[in-house]
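Here's the structure, in structure tokens; my notes come after.
In what follows, chains carry the letters A, B, and so on, assigned in the order in which the sequence lines appear, proteins first and then strands, with residues in each chain numbered from 1.
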There are 2 protein chains.
Amino acid sequence: MQTIRFPDKTTWNTLLQRPVMDTSTLEQKVNNILQDVRCNGDEAIRKYAAEFDKVMLTDLQVPAAAFAEAEATLEPALKAAIQQAAKNIETFHRAQQEKVQMIETMPGVQCWRKPVAIQKVGLYIPGGSAPLFSTILMLGIPAMIAGCKEIVLCTPSLHPAILYTAQLIGIEKVFTIGGVQAIAAMAFGTETVPQVYKIFGPGNQYVTCAKQLVNKSGVAIDMPAGPSEVAVLADDTCVPDFVAADLLSQAEHGPDSQVVLVTTSEKVITDVENALNAQLDKLPRKGIATAALENSKMILVKDMQTAIDMLNAYAPEHLILACKGAENLADKVTDAGSVFMGNYTPESAGDYASGTNHTLPTNGYARAYSGVSLDSFVKKITFQQITPQGLQNIGATIEAMAAAEGLEAHKNAVTVRLQAISANK
Amino acid sequence: MQTIRFPDKTTWNTLLQRPVMDTSTLEQKVNNILQDVRCNGDEAIRKYAAEFDKVMLTDLQVPAAAFAEAEATLEPALKAAIQQAAKNIETFHRAQQEKVQMIETMPGVQCWRKPVAIQKVGLYIPGGSAPLFSTILMLGIPAMIAGCKEIVLCTPSLHPAILYTAQLIGIEKVFTIGGVQAIAAMAFGTETVPQVYKIFGPGNQYVTCAKQLVNKSGVAIDMPAGPSEVAVLADDTCVPDFVAADLLSQAEHGPDSQVVLVTTSEKVITDVENALNAQLDKLPRKGIATAALENSKMILVKDMQTAIDMLNAYAPEHLILACKGAENLADKVTDAGSVFMGNYTPESAGDYASGTNHTLPTNGYARAYSGVSLDSFVKKITFQQITPQGLQNIGATIEAMAAAEGLEAHKNAVTVRLQAISANK
């Protein structure tokens, strides 16, 4: 890791710049696949599975028997862990349910807002080295709580933990489709795969590009994606071994992961660096973590206020406060995806099991975007109902404003009604 | 309006298709302006104002004195109307504030979620024939309630009602900049205009294209935009004069506005058509409304269930239920931006003054997007704090899942802490 001491505020932006993701070179290639699947459906999906994944797909949908088999295969301890995580995630997301509040803004003018499930959603779980069954919990559980009518899951991985988790939370439509083809299938629908209104889930740069392109054509997506990142704010009360472990748990995600340590203590830098080196040697994903650490930074600042200002400017996906008075510092956080407070709150708790969602805004998007939550699976539809008396109360206001905006028909929609009310009296 | 009777379900999609907006031909032109403002700041803004709007801008920021002058100019009745609308909008949006709920998902594992204002937001209000001061209320009031630290308003219109409304709700930074230049100024910042994290507001196809392009480069936007639209569901209990007035209040927005009437009654079609023709003649914006009506449809269906199914498939921005049992029907609405119930609830009430927001998803986006609300101006940041005892409760779950996903460093972030807890006992 590079160490930077007391950087001037004017350099913060450059110092904390993320690697620029340029998907424009992929766009043509990805768009061709999207359009092919749009026109040729399942046949195109099979073609690309053979071409890219060297897989001959017969049935695209995972048969019911496969779920029972997965359940029988999986270790009981892992099943218990997935169940416990599911329970915590459900508890946290169920608490996000909103009661409908009737608001009478004027006598006879009633307005309210009701969360209604997005009727059809698609979840994408990538294949690759790690079977991300935890992401099925993070996306599937709020989709179920929201009441989405159709939940489609596409994944190239038929790892037993993937199938077990899908079944546990009640997702029945699982398709063994990966990559750009999967995004296309859910965005446009095929003979086998239902079309959905919103697509969630992580993926490589091709999948990310595909999500951006279908978003332009009207399908909603969870959020723009970038490499995962963590920032740790540590003072002398931190435990260097814990900080090093947290930095490494981010670094092992990928060579483009971002890891930042901000501290007020020179000693923390030395101690964390030593702990990092000791732990790194034992990791199976040492190569990946080493590459990520090469682009990563330890930054020494003069005081906590400077640290918080710098971290808010960075707007990290994950922020760990490994310092005294974490509660007070947390109040000053204005820009972060998720915050982990104190020495015994590792980021991996939120990644898997504490209950919060692990699908979070990367790449500085935390300045304006929230992580996935129950909100991500509903629309909040507003309703209003006005009585004749209510319209008499509010009518003149509407008429005056509509007239001043030069929209006479808007005004007239009130006037004809007020005239009818008067005539009926 | 075209009349279609008992269309087969397979034809609904085609029948209710929106005009396709293709901004790709504009993209190069819009992008050039964006990049010019990004590089050359205020100088580029002045250049485009001279070129496109034939305006020589000296001061970009509206001086404080102009607000007082606007207030003195404006009719008292209009000021009172704006104040009343502001009060209702504030009441409705303030009720959307969320209390922070501490959730203990397991003993010693505390998680919560806190809405935090997006620190810097930009509002765009277009010029053109109608001074859209109502949109300042709809965007500025929730921004104020959320507590956004910097609220920037760009508009080419210095209509007194615009300045009065901005001042009324406390927006101080108003810049007399329009079009693509305004979006560029707020997205990238200039010598005079502060950079923001999220941009809100309507605009023509150039502005819409500019918002899409800056969104790709990392600035959030309120929502994708399309021409405004209304669908009215009417039965024999409707008042044809009211329905006609509502259809026209949508049609006068622009020649590309969408107006749809769905009814179970042949008589309603005849009566509404007659009322439309009678009212249309008296409208100052008759030309625009006539053009919009040419693309619009009256659809006769066999029963209310078919009507609701069709309307959910269409997912209109505005849905008026001018029929008996509007409450029961409202419960069946799964896809709409905002719903207006009963004969005395014109859409223009929600456009101006009832309290609900008028920035709503068009173009079928209501399937997956909500209208603007307080939520649009905050991020919901999750927090968690785990005690040593709590980590002992949840630790094995995290370890098992991380190991199964092949992420040993994630597991180790828990293991090092559990070992330290055991060692300290």
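T415(B) does not touch chain A: none of its heavy atoms, backbone or side chain, sits under 4.5 Å away. Proximity to chain A (any heavy atom under 4.5 Å) is restricted, for Q279(B), to the side chain, taken from C-beta onward. Using a 4.5 Å cut-off between heavy atoms, A251(B) does not touch chain A at all. For a residue to count as touching a neighbouring chain, one of its non-hydrogen atoms must lie under 4.5 Å from one of that chain's; by this rule D331(B) touches chain A with backbone and side chain alike. With a threshold of 4.5 angstrom between heavy atoms, V196(B) does not approach chain A through any atom at all. Only the side chain of L137(B) comes within less than 4.5 Å of a heavy atom in chain A; its backbone stays farther off. Contacts of V116(A) with chain B are made by side-chain atoms alone, with heavy-atom separations under 4.5 Å and no backbone atom involved. Residue R285(B) touches chain A through its side chain alone, counting heavy-atom pairs closer than 4.5 Å. With a 4.5 angstrom heavy-atom cutoff, L248(B) touches chain A via backbone and side-chain atoms both. With a 4.5 angstrom heavy-atom cutoff, P224(A) does not touch chain B via any of its atoms. Heavy atoms of S376(A) lying under 4.5 Å from chain B are absent altogether. Proximity to chain A (any heavy atom under 4.5 Å) is restricted, for Y365(B), to the side chain, taken from C-beta onward.
Between the side chains of S354(A) and Q384(B), at least one donor N or O sits under 3.5 Å from an acceptor N or O. Between the side chains of Q385(A) and E327(B), a donor-acceptor pair is found at a separation under 3.5 Å. Judged purely by distance below 3.5 Å, without hydrogens or angles, the side chains of T382(A) and S338(B) pair a donor atom with an acceptor atom.
Interatomic distance, CD of E405(A) versus CG of L132(B), reported as 5.0 Å (0.5 Å rounding). Here the OH-CD1 distance, from Y344(A) to I386(B), works out to 12.5 Å after rounding to the nearest 0.5 Å. Here CG of L407(A) is found 8.0 Å from OG of S134(B). Values are rounded to the nearest 0.5 Å. Taken from CD1 in I103(B) to OG1 in T356(A), the straight-line distance is 12.0 Å, to the nearest 0.5 Å. A distance of 10.0 Å separates CG of D241(A) from CZ of R417(B), quoted to the nearest 0.5 Å.
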- request: Evaluate salt bridge (charged side-chain N to carboxylate O under 4.0 Å, His left out) for K120(B) paired with D335(A), printing each intermediate quantity in order.
  value: CA-CA 11 Å; K120(B) 305 176 184 194; D335(A) 297 89; over 6 Å; no

- prompt: Does the pair S348(B) and K411(A) meet the rule for a side chain to side chain contact (heavy atoms under 4.5 Å, CB included), with working shown?
  reply: CA-CA 7 Å; S348(B) 47; K411(A) 179 185 174 185; over 6 Å; no

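Heavy-atom minimum distance, L78(A) versus A400(B): CD1-O, 3.7 Å. Nearest heavy-atom pair, Q101(B) versus A95(A), reported as atom, atom and distance to 0.1 Å: NE2-O, 2.8 Å.
A salt bridge links D375(B) to R113(A): at least one charged side-chain nitrogen sits closer than 4.0 Å to a carboxylate oxygen.
Judged by distance alone, with hydrogens and angles left aside, the side-chain atoms of T397(A) form no donor-acceptor pair with the main-chain N or O of Q84(B) at under 3.5 Å. Side chain of S249(B) to backbone of H410(A): no donor-acceptor contact under 3.5 angstrom is found. Of the possible donor and acceptor atoms, one in the side chain of K379(B) sits under 3.5 Å from a partner among the backbone N and O of T334(A). When atom types are taken as modelled, the side chain of E252(A) and the backbone of A409(B) share a donor-acceptor pair closer than 3.5 angstrom.
Two residues are said to be in side-chain contact when any heavy atoms from C-beta on lie closer than 4.5 Å; Y369(B) and K198(A) fail this criterion.
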